[in-house]
*Asks:* 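My questions all concern the structure below.
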Amino acid sequence: MTRQPLVAVEPDCWRRDDVAEAVRAGGGVVVRAPEAEGLIWTDPQNPDLLGPVLEAAPQLRWIQLPYAGIEPYLPFLDDQRLWTCGKGVYAEPVAEMALGMLLAGMRGLTTYLPARSWLGPEGSNLRGAAVTILGGGGITTELLKLLAPFDCDVTVLRRHPDPLPGAAGVRVVGPGGLEESLAGADAVVVALALTAETRGIIDSGALEVMPEHCWLVNVARGEHVVTNDLVRALGAGVIAGAALDVTDPEPLPDGHALWDLPNCIITPHVGNTPEMGMVLLNRRVTENVRRFRAGETLLGPVNAALGY
């Protein structure tokens, strides 16, 4: 395609003008959905609104979704259109969050932050620690860069145990290696896509395999962890603690048992915020519009069958 593609930006929501400018920067023309061949969906909070837009625009050939997680959009996916998502877009800030949570947990900040008197020494080094990362996508790639100065012994579990590009010395295992990779870990980071296979991957059995001093960090999706099992494990000292940027349920209700656990860090899904993410998403939009115009492979393709 050499002409300028017609691309819609829907719906009208926060900073939509910035996204429209990103479309133009990629060589596209911004139009309304019934005229468009491409659609940039900008509202992650209201996925149900996408259905009527698709019905009114059957000619659409490409839809760009805003986040890496596409669970809310599964009912709309089809094989007639090309679907892309924010896969890899937000990897850098989320990996940074994971590193911060690792350090906070392992260095005893859950004890020291609420203290109002001088306490004794607590904590363990991240440097030289055995870290198991569940997931082999963009977050893991960025987290490995951040962990490199700490000389960690890293194991990555992914669907296909192929070596990770540019990650020399990192052990990669398939799903069959889950128990072994958890058993030897000082810290476990969940950075998986949420699928039927990964939902509830951290349950009572997985938690009991981890060493007592292990810290669990989840920056992926709350449903990867069985919440009731985690509450019991934290309360009984099965593992040292957990740092959760995502929870199940989410938002975590006031009064939930997780709030009262002193060895649990909870943040409100802020590994990537709109202020951080919009700049990164706009870069992806510009590049994918450029590629769409040139007939090149788009970034962040969605596999409808796998659900990510």
*Asks:* Among all residues two or more places apart in sequence or in another chain, which pass the side-chain contact (heavy atoms from CB on, under 4.5 Å) test with L103?
*Replies:*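 For L103 the side-chain contact (heavy atoms from CB on, under 4.5 Å) partners, ignoring immediate neighbours, are L99, L126, F150.
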*Asks:* Which residue pairs satisfy the side-chain hydrogen bond (donor to acceptor under 3.5 Å, both in side chains) criterion with at least one member in residues 114-131, sequence neighbours excluded?
*Replies:*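 Only T111-E122, R127-D151 qualify under side-chain hydrogen bond (donor to acceptor under 3.5 Å, both in side chains).
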*Asks:* With side-chain hydrogen bond (donor to acceptor under 3.5 Å, both in side chains) as the rule and sequence neighbours excluded, what pairs involving residues 156-168 come up?
*Replies:*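 Those involving residues 156-168 are R159-Y308.
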*Asks:* Looking at residues at least two apart in the chain, or sitting in another chain, which of them share a side-chain hydrogen bond (donor to acceptor under 3.5 Å, both in side chains) with E180?
*Replies:*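 Here no residue qualifies.
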*Asks:* Which other residues belong to the hydrophobic cluster containing W83, where Ile, Leu, Val, Met, Phe, Trp and Tyr are joined when side-chain heavy atoms lie under 4.5 Å apart, directly or via other members?
*Replies:*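 Once heavy-atom contacts under 4.5 Å are chained together, W83 belongs with L39, W41, L49, L50, V53, L54, L60, I63, L65, I70, Y73, L74, F76, L77, V302.
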*Asks:* T286 versus R283: any side-chain heavy-atom pair under 4.5 Å?
*Replies:*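 A side-chain contact under 4.5 Å is absent here.
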*Asks:* Is there any salt bridge (charged side-chain N to carboxylate O under 4.0 Å, His left out) pair reaching into residues 80-93, and which pairs are they, with sequence neighbours excluded?
*Replies:*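 The answer is D78-R81.
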*Asks:* I'd like to know if E287 pairs up with R284 as an ion pair, taking the criterion as any Lys NZ or Arg NE/NH1/NH2 lying under 4.0 Å from an Asp or Glu carboxylate oxygen.
*Replies:*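 Salt bridge flag = no for R284 with E287.
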*Asks:* List the residues meeting side-chain contact (heavy atoms from CB on, under 4.5 Å) with A242, not counting sequence neighbours, and say none if there are none.
*Replies:*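 Only L216, L230, L234, L244 meet the side-chain contact (heavy atoms from CB on, under 4.5 Å) criterion with A242.
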*Asks:* By the salt bridge (charged side-chain N to carboxylate O under 4.0 Å, His left out) test, which pairs, at least two apart or in different chains, include something from residues 238-254?
*Replies:*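 Salt bridge (charged side-chain N to carboxylate O under 4.0 Å, His left out) check on residues 238-254 returns no pairs.
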*Asks:* Between F292 and W62, how do the two ring planes meet: parallel, tilted or perpendicular, split at 30° and 60°?
*Replies:*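 The rings of F292 and W62 sit tilted, inter-plane angle from 30° to 60°.
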*Asks:* Do H256 and T227 come close enough that some side-chain heavy atom pair is under 4.5 Å?
*Replies:*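 Result yes, sub-4.5 Å side-chain heavy-atom pair found.
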*Asks:* Can you list everything that forms a side-chain hydrogen bond (donor to acceptor under 3.5 Å, both in side chains) with T155? Sequence neighbours excluded, please.
*Replies:*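 Per chain and number, T155 pairs via side-chain hydrogen bond (donor to acceptor under 3.5 Å, both in side chains) with R171.
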*Asks:* Looking at residues at least two apart in the chain, or sitting in another chain, which of them share a side-chain contact (heavy atoms from CB on, under 4.5 Å) with E35?
*Replies:*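 Per chain and number, E35 pairs via side-chain contact (heavy atoms from CB on, under 4.5 Å) with V31, R32.
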*Asks:* D229: which residues meet the side-chain contact (heavy atoms from CB on, under 4.5 Å) condition with it, sequence neighbours left out?
*Replies:*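 Result, side-chain contact (heavy atoms from CB on, under 4.5 Å) vs D229: D203, S204, L207, V226, R232.
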*Asks:* For residues 95-104, which residue pairs qualify under salt bridge (charged side-chain N to carboxylate O under 4.0 Å, His left out), counting only residues two or more places apart or in two chains?
*Replies:*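 Residue pairs passing salt bridge (charged side-chain N to carboxylate O under 4.0 Å, His left out), neighbours aside: none found.
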